[in-house]
Amino acid sequence: MDIVLSGIRPTGHLHLGNYFGALRNFVKIQETHKCYFFIADLHSLTTHPHPADFHNSVRVILSEYLAAGLDPEKCALYVQSDVPEVSELYVLLNMLAYKGEMERTASFKDKVRLQPDNVNTGLLTYPVLMASDILIHRSKYVPVGKDQEQHLEIARLLARRFNHMYGVDVFPEPQAFNFGNDLVKVPGLDGSGKMGKSEGNGVYLYEDDKSITKKVMRAVTDSGPTEPNSPKPEVIENLFTLMRLVSAPDTVAFFEEKWNDCSIRYGDMKKQLAADICATVAPIRERIDAIYNDTDYLHRVTALGCEKARASASATLKLAREAVGFKPF
Ligand code: TYM
C-alpha cells in the first residue's frame, strides 16, 4: 500500500490555509492509505520559541488535528521529536545536501529577511529535515499546500542522490498530493499573498463566529467592476478563491454572475462567505477544548503514534545505515 506522510509546525492555532492546504486532505486520505501525520516540533526550533509556549503549541495542534477528524487508530499520529530516527537520517542526508542549494531555497531567503538576527544553520538545512521526515517512512505521497512544492523537490533530489551515491533503491521519490487537483494556495484577507501565521492575516479553526465575521467583513475590496466580464483584481479573486473552498458551487456561480454583470455587492458576498466559513469551522471548533483538556487521551494518542512511527522509521534507518556502510563488527 502506498505510504503518505505530512506535518504541520506547531506555532499557534491552525488557520484555513493549514486546513485547506493540508489537514482536510489528511482526514480524507487516512481512509484509504497507510498514513503518517506528525507535529513538526523540531522544525519550530528554527525560530526559537520559548519552551513554555512551545510545549503548549504542540498540545494545541494535536487537539486541532484530532478535532478536525484525524483518527489515531487509522493513521500514525505522532510528535516529530518522539522519533529520534528522523534526526539520525537528517545527519546522513545533510552530507548529501550542498550549501549553495540550500541557500537558494525561497523559504530560506524569506527567513533571512524575516529574522536577520537569527539565521541559524537549522534554517539553512530546514529542507533536509523535512526530507528526513518524508523519507524515514519511504513515503510516496505528501499532502501539502503549494508553498511546500520546492521543499518536496529537494526531498526528491536527496532521495535520488542517496540511492545513486550508495547504489541502492532505498528511497522512493515523494510526490506532492491533492487528490488529482492542483495544490492549494489559500489567500489571506488582507488583499495579497497567502494566509499565514507570520503574515497575521489568518482565520483560525479555533475562532468564534463573531470574530470570523468581523475579519471577513473587513477584508480588502475595490470600488467594483465597471465593465461587464472584466478580469478580477487580486483582492477580489482572493475572496472568490476562499468562497470556492467553503461555499456551494451554485453560491459561487451566483456571485460570479453578479461580478460579470457589474451588480455585485461586496457586503452581500462577504456576509455569505463569513457564514460559510463559520459553518466549516464550527463543528471542528466545538470539539477542540474537550480534547485539549483530556491529558490522558492525548498521552495515549502520542504514545500509540510514536510506537507506530518508530516501527516504520527504525526499519528504514537500518537500510540507510547499511547502505552508508555502518555495520556491526
Ligand atoms: P506549515 O506548518 O507552514 O504549514 C502546514 C501545512 O499547511 C499548508 N499551508 C497552506 N496551504 C495553502 N495555503 C496556505 N495559505 C497555507 N499555509 C500553510 C502548508 O503547505 C503545509 O502543508 N515545513 C512544513 C512542515 C513540515 C512538513 C514536513 C510538511 C515539516 N516536515 C514533511 C510535509 C512533510 C511547514 O512549515 O508547514
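Both backbone and side-chain heavy atoms feed into the values below; hydrogens, waters and symmetry mates do not.
- Note that K232 lies in the cation-pi zone of F240, set by a 6.0 Å cut-off to the ring centre and a 45° limit from the axis.
- At distances below 3.5 Å, not a single donor-acceptor pair connects side-chain atoms of T46 with backbone N or O atoms of L123.
- Here the side chain of T251 pairs no donor or acceptor atom with the backbone of S247 at under 3.5 angstrom.
- For the 3.5 Å distance criterion, the side chains of S107 and H151 qualify, holding a donor opposite an acceptor.
- Heavy atoms only, all atoms of each residue included: T213 and C278 are closest at OG1-SG, 4.0 Å.
- S230 and P225 get closest at one heavy-atom pair: OG-CB, 4.0 Å.
- The distance from atom CD of Q175 to atom CG of D2, rounded to the nearest 0.5 Å, is 11.0 Å.
- Salt bridge absent: E173 and K140 never bring a charged side-chain N and a carboxylate O closer than 4.0 Å.
- We find that R285 and D209 are joined by a salt bridge, their nearest charged nitrogen and carboxylate oxygen being less than 4.0 Å apart.
- The two residues I8 and Y65 come nearest to each other via the heavy atoms N-OH, 3.3 Å.
- Under the 3.5 Å distance criterion, with hydrogens and angles disregarded, no donor-acceptor pair is assigned to the side chains of Q30 and D71.
- Residue G196 comes nearest to N201 through the heavy atom pair N-OD1, 3.0 Å, listed as atom of the first residue, atom of the second, then distance.
- Heavy-atom neighbours of H55 NE2 from other residues, nucleotides or ligands within 6.0 Å: at or below the threshold of 12.
- A salt bridge is absent between E85 and R321: the closest approach of a Lys/Arg side-chain nitrogen to an acidic carboxylate oxygen does not fall below 4.0 angstrom.
- Comment: E207 does not engage K214 in a salt bridge, judged by the lack of any side-chain N to carboxylate O separation of less than 4.0 angstrom.
- Between D147 and K194 a salt bridge is recorded (basic side-chain N to carboxylate O distance below 4.0 Å).
- A salt bridge does not link K327 with E322: none of the charged nitrogens is closer than 4.0 Å to a carboxylate oxygen.
- A donor atom on one side chain and an acceptor atom on the other are not found under 3.5 Å apart for Y90 and D133.
- Geometric assessment of K28 against the ring of F179 yields a positive cation-pi assignment under the 6.0 Å and 45° thresholds.
- In the displayed structure, K215 atom NZ is contacted under 6.0 Å by more than 12 heavy atoms of other residues, nucleotides or ligands.
- Between the D276 side chain and the L273 main chain, no donor and acceptor come within less than 3.5 Å of each other.
- Note on ring orientation: taking the six-membered ring where Trp is involved, the planes of H137 and Y36 are parallel (angle under 30°, cut-offs 30° and 60°).
- Panel note: side chain H15, backbone G17; a donor-acceptor pair is recorded below 3.5 Å.
- Side chain of N163 to backbone of F171: a donor-acceptor contact under 3.5 angstrom is found.
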Walk me through whether Y19 and H13 qualify under ring-ring contact (aromatic ring centres under 6.0 Å, His included).
CA-CA 11 Å; Y19 182 68; H13 293 281; over 10 Å; no
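- Between atom CG of residue L5 and atom CZ of residue F38 there is a gap of 5.0 Å, rounded to the nearest 0.5 Å.
- A cation-pi contact links R59 to Y292, judged by a cut-off of 6.0 Å to the six-membered ring centre and 45° from its axis.
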